Amino acid sequence: MENLCNINVIKDVFERHNFSFSKTLGQNFLVNPSICPRIAEDGIRDENYGVIEIGTGIGVLTNELAKRAKKVVAIEIDDRLIPILEETLAEYDNVKIINEDVLKVDLHKLIEEEFEGMNVCVCANLPYYITSPIIMALLESKLKIKSITVMVQKEAATRLCAKVGTRECGAVTFAVRYYSEPKLLFNVSRGSFMPAPNVDSAVIRLEIKDNDTIKANNEKFLFSLVKSAFSQRRKTLANPVSSGLNIPKSVVVEALEKVGLKSTVRAEQVPFEKFIELSNVLGELK
Ligand code: SAM
């Protein structure tokens, strides 16, 4: 169905289905017609692509994805939207809707069962209350996907795409950079949504790296180290790492010196590669 950005069309659909927005589910639907085609164009590189969409709303982005992809599997938690989607996506036979919480879906199985022989990407206007958990789940589970193109709050976009070793960086920045090449694509004003949120947004693209470029000896230990380091980001890293990982501070300081970092360094001053080196050295010393 076209015109899903048209306020009158949206109001008509809502009235007929007795639908009202849920704030707790992060329901801010896109009404700016220029945004969805851009997200779809960016994620879908050719017509043999399969797309996972997270959070369909009334299907405004799903429409654009379905026009360009071989298949779209869209996951939406709100069962009140399912009858609406049956109407707004009726013309497409390449869309499957899964009425589930995305964090409970086995995405490995989904990709295997739904997208055989296709390149797969994720495209979404994410529900903001669970942006980081969704992105972390997508990255950490090492799904066979090419890219993640998503709309997030502008502040989250800055953090997710920051350079490791700068003030904007956090533990999630490190994870993003570990698994992908992040890029901030374009900003989207709050007026592009209904209802309008209190903040602006941005679309980012995470191009997933090949597994063999990843070099940590023990990934679980690396991510525990990064999490501890950023748990008290304003303090020198040795203290939170020592207490968080239960390793004597003297051993942490020794490891820092071995990789050429000062004992007074803070998490936000540590470059990306140094975290991996530190994790490898500390893993041997502890
Ligand atoms: N794609 C639509 C658009 O751009 O207008 C809707 C985007 S809206 C920001 C986020 C959507 O995610 C809502 O439809 C909401 O119901 C859905 N959602 C929220 N939490 C979810 C979850 N845990 N799993 C799947 N969908 C979820």
Side-chain angles (χ1 to χ4, degrees), residues 1-7 9-11 13-14 17 19-44 51-69 72-89 92 95-107 110 121-138 141 148-157 185-204:
M1 187 170 156
E2 293 292 334
N3 288 333
L4 284 177
C5 288
N6 181 311
I7 309 276
V9 173
I10 298 172
K11 279 186 179 158
V13 170
F14 282 9
H17 290 271
F19 179 86
S20 56
F21 292 105
S22 157
K23 219 173 172 181
T24 45
L25 289 178
Q27 290 180 344
N28 301 95
F29 295 170
L30 267 164
V31 291
N32 177 339
S34 70
I35 308 296
C36 292
R38 288 175 80 180
I39 297 177
E41 289 288 332
D42 192 84
I44 302 165
V51 186
I52 299 172
E53 188 194 4
I54 298 162
T56 57
I58 61 170
V60 64
L61 174 60
T62 327
N63 257 270
E64 297 298 330
L65 299 171
K67 277 186 217 165
R68 294 166 175 85
V72 180
V73 175
I75 304 162
E76 171 57 58
I77 197 170
D78 189 346
D79 54 3
R80 299 172 308 150
L81 288 167
I82 306 306
I84 296 181
L85 292 164
E86 277 161 13
E87 184 183 320
T88 58
L89 300 171
Y92 300 105
V95 179
K96 178 172 179 175
I97 306 289
I98 298 179
N99 183 200
E100 220 356 318
D101 176 346
V102 65
L103 296 175
K104 294 190 182 147
V105 176
D106 181 342
L107 293 172
L110 183 150
C121 66
V122 172
C123 291
N125 171 15
L126 287 181
Y128 293 162
Y129 73 105
I130 44 169
T131 297
S132 288
I134 291 177
I135 290 184
M136 288 306 294
L138 294 172
S141 54
I148 301 172
T149 306
V150 282
M151 172 113 65
V152 298
Q153 285 190 348
K154 206 169 164 186
E155 199 185 317
L185 296 182
F186 57 94
N187 293 327
V188 179
S189 72
R190 63 195 77 183
S192 299
F193 301 88
M194 182 175 146
N198 295 328
V199 289
D200 293 324
S201 297
V203 175
I204 62 169

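All values reported here derive from a predicted model rather than from experimental measurement. Just so you know, ligand 1 is whichever comes first in the structure, and atom 1 is the first atom listed for that ligand.
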**Item:** Nearest protein heavy atom with distance in Å, relative to atom 5 (O) of ligand 1
**Value:** Leu30 N, 2.8 Å
**Item:** Closest non-hydrogen atom pair, Ser22 against Leu25
**Value:** OG-N, 3.1 Å
**Prompt:** For the residue pair Ala157 and Ala202, what are the closest heavy atoms and their distance?
**Reply:** CB-CB, 3.7 Å
**Message:** So, regarding Val102 and ligand 1 (criterion: nitrogen or oxygen to nitrogen or oxygen, under 3.5 Å), is there a contact or not?
**Reply:** yes
**Request:** Show which atoms of ligand 1 fall inside a sub-4.0 Å distance from at least one heavy-atom site of Glu53.
**Result:** 1 (N)
**Message:** Is the contact between Met151 and ligand 1 made by the side chain, the backbone, both, or neither, using heavy atoms and a 4.0 Å cut-off?
**Reply:** neither
**Complete:** ligand 1 to Ile130, heavy atom cutoff 4.0 Å, flagged ligand atoms 23 (N)
**Item:** Under 4.0 Å to a heavy atom of Ile75 - the qualifying atoms of ligand 1, by number
**Value:** 25 (C), 26 (N)
**Item:** Atoms of ligand 1, numbered as shown, that sit under 4.0 Å from any heavy atom of Phe29
**Value:** 5 (O), 6 (C), 14 (O)
**Item:** Heavy-atom gap Tyr129 to ligand 1 smaller than 4.0 Å
**Value:** yes
**Leu138 side chain near Leu107 side chain, heavy-atom distance below 4.5 Å** = yes
**Request:** Check ligand 1 against Leu81 and write out every atom of the ligand that is under 4.0 Å from a heavy-atom position of the residue.
**Result:** 14 (O)
**Prompt:** Of all the atoms in ligand 1, which lie at a distance below 4.0 Å from a heavy atom belonging to Gln27?
**Reply:** 13 (C), 15 (C), 16 (O)
**Request:** Closest by any non-hydrogen atom to atom 6 (C) of ligand 1: pick that one out of Ser192, Ser201, Gly57.
**Result:** Gly57
**Request:** Provide, to 0.1 Å, the distance between atom 14 (O) of ligand 1 and the closest protein heavy atom, together with that atom's residue and name.
**Result:** Glu76 OE1, 2.8 Å
**Request:** Could you list which atoms of ligand 1 come closer than 4.0 Å to a heavy atom of Glu100?
**Result:** 24 (N), 25 (C)
**Item:** Polar proximity ligand 1 side, Leu61 side, N/O cut 3.5 Å exclusive
**Value:** no
**Complete:** In this structure, OG1 of Thr149 is separated from CZ of Arg38 (nearest 0.5 Å) by 12.5 Å
**Prompt:** Taking atom 2 (C) of ligand 1 as the point of reference, which of Ile54, Thr56, Val60 owns the nearest heavy atom?
**Reply:** Thr56
**Message:** So if I count the atoms of ligand 1 from 1 in the order they appear, which ones are less than 4.0 Å from some heavy atom of Gly26?
**Reply:** 8 (S), 9 (C), 10 (C)
**Request:** Identify the two heavy atoms, one from Asn28 and one from Ala196, that lie closest to each other, and give their separation to 0.1 Å.
**Result:** ND2-C, 4.3 Å
**Request:** May I ask you to decide whether Glu64 forms a salt bridge with Lys67, counting only side-chain N to carboxylate O separations under 4.0 Å?
**Result:** yes
**Prompt:** Are the side chains of Arg190 and Pro197 in touch, meaning some heavy atoms are under 4.5 Å apart?
**Reply:** yes
**Asked** Aromatic rings Phe29 and Phe19: how do their planes relate, parallel, tilted or perpendicular, breaks at 30° and 60°?
**Response** parallel
**Request:** Considering only non-hydrogen protein atoms, determine which one is nearest to atom 11 (C) of ligand 1 and report residue, atom name and distance to 0.1 Å.
**Result:** Gly55 CA, 3.6 Å
**Request:** Decide whether the shortest distance between a heavy atom of Leu126 and an atom of ligand 1 is less than 4.0 Å.
**Result:** yes
**Prompt:** Looking at Leu103 and Pro133, what are the two nearest heavy atoms and their distance?
**Reply:** CD2-O, 4.0 Å
**Request:** Search all heavy atoms of Asp78 against all heavy atoms of Asn99 and return the closest pair with its distance.
**Result:** C-ND2, 3.9 Å
**Message:** I need the nearest protein heavy-atom contact for atom 4 (O) of ligand 1: residue, atom name and distance, please.
**Reply:** Asn125 ND2, 2.8 Å
**Request:** For a side-chain contact (heavy atoms from CB on, under 4.5 Å) with Cys5, tell me which candidate from Asn63, Ile35, Val60 qualifies.
**Result:** Val60
**Request:** Side-chain contact test, heavy atoms from C-beta onward, threshold under 4.5 Å: evaluate it for Ile97 versus Leu81 and give yes or no.
**Result:** no
**Request:** Please write down residue, atom name and distance for the protein heavy atom closest to atom 19 (C) of ligand 1.
**Result:** Leu25 O, 3.1 Å
**Request:** With the side chain counted from C-beta on, respond yes when Val31 and Phe193 share a heavy-atom pair under 4.5 Å apart, and no when they do not.
**Result:** no
**Fill in**
Interatomic distance, CD1@Ile54 vs CD1@Ile98, rounded to 0.5 Å, equals 11.0 Å
**Request:** Could you find the nearest protein heavy atom to atom 23 (N) of ligand 1 and give me its residue, atom name and distance?
**Result:** Asp101 OD1, 2.9 Å
**Message:** On a heavy-atom basis, I'd like to know which of Leu85, Ile77, Asp78, Asn28 is closest to atom 22 (C) of ligand 1.
**Reply:** Ile77
**Item:** Under-4.0 Å heavy-atom contact with ligand 1, by part of Thr62 that carries it
**Value:** neither
